[in-house]
Asker: 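Submitted below is the structure of interest, expressed as structure tokens.
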Amino acid sequence: MFAGGAITAIAAKKILESDETKKFCVKTLAKVMELQDQAEEAFQDVKDNAEDVRHEAKLKTKNEVFNVEVGKSKK
């Protein structure tokens with residue numbers, strides 16, 4: 001069993017040290033980082049839109065309260 005584990009470890013080391021494996025890992029990591037940037041940008045867009053909606057709702061609420069008070073004071 002020990003021999004099998006040792007052979008596997010040696011083979012894995014050779015594979016991980018190969019230039020092709022490194023190139024593949026670099027390309028894969030670069031793509032993952034690009035996807036992360038895109039996801040962060042999309043999340044920020046959603047957050048910005050939610051803040052805009054909240055701000056508009058807050059203004060609408062204030063306007064409705066103000067208009068009701070103005071309407072009552074005119075009577």
Side-chain angles (χ1 to χ4, degrees):
M1 221 188 253
F2 176 76
I7 292 171
T8 302
I10 292 169
K13 183 177 185 240
K14 294 286 184 189
I15 291 170
L16 293 175
E17 289 178 346
S18 77
D19 288 338
E20 290 300 315
T21 302
K22 286 180 183 177
K23 287 177 187 177
F24 172 78
C25 290
V26 168
K27 287 172 83 173
T28 303
L29 184 58
K31 187 63 177 175
V32 168
M33 291 169 67
E34 180 182 343
L35 291 172
Q36 179 185 8
D37 289 343
Q38 292 173 359
E40 287 174 356
E41 184 177 321
F43 177 74
Q44 187 63 45
D45 289 345
V46 170
K47 184 178 173 184
D48 291 343
N49 288 335
E51 288 174 358
D52 289 345
V53 169
R54 181 183 177 274
H55 179 71
E56 288 178 25
K58 191 174 183 179
L59 287 177
K60 183 177 186 224
T61 301
K62 284 182 180 179
N63 286 337
E64 287 174 354
V65 168
F66 180 72
N67 287 337
V68 168
E69 290 175 4
V70 170
K72 287 182 181 179
S73 65
K74 288 184 178 182
K75 288 185 180 179

Asker: Nearest 0.5 Å, what's the CD-CG distance between Gln44 and Asn49?
Answerer: 10.0 Å
Asker: Given Asp37, which partner from the list Glu41, Glu34, Glu40 fulfils the side chain to side chain contact (heavy atoms under 4.5 Å, CB included) test?
Answerer: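 That would be Glu40.
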Asker: Show me the donor-acceptor pairs within less than 3.5 Å that the side chains of residues 55-62 make with the rest of the protein, sequence neighbours left out.
Answerer:
from: Lys60; atom 1: NZ; to: Glu64; atom 2: OE2; distance (Å): 3.4
from: Thr61; atom 1: OG1; to: Ala57; atom 2: O; distance (Å): 2.9

Asker: Can you list, pair by pair, the side-chain donor-acceptor contacts under 3.5 Å of residues 20-30, counting residues two or more places apart and other chains?
Answerer:
from: Thr21; atom 1: OG1; to: Ile15; atom 2: O; distance (Å): 2.7
from: Thr21; atom 1: OG1; to: Ser18; atom 2: OG; distance (Å): 2.7
from: Thr28; atom 1: OG1; to: Phe24; atom 2: O; distance (Å): 2.8

Asker: Show every salt bridge (charged side-chain N to carboxylate O under 4.0 Å, His left out) that has at least one partner inside residues 3-14, sequence neighbours left out.
Answerer: Lys13-Glu17
Asker: Counting heavy atoms not belonging to Gln38, are there more than 12 under 6.0 Å from its CD?
Answerer: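 Yes, the 6.0 Å shell around CD holds more than 12 heavy atoms from other groups.
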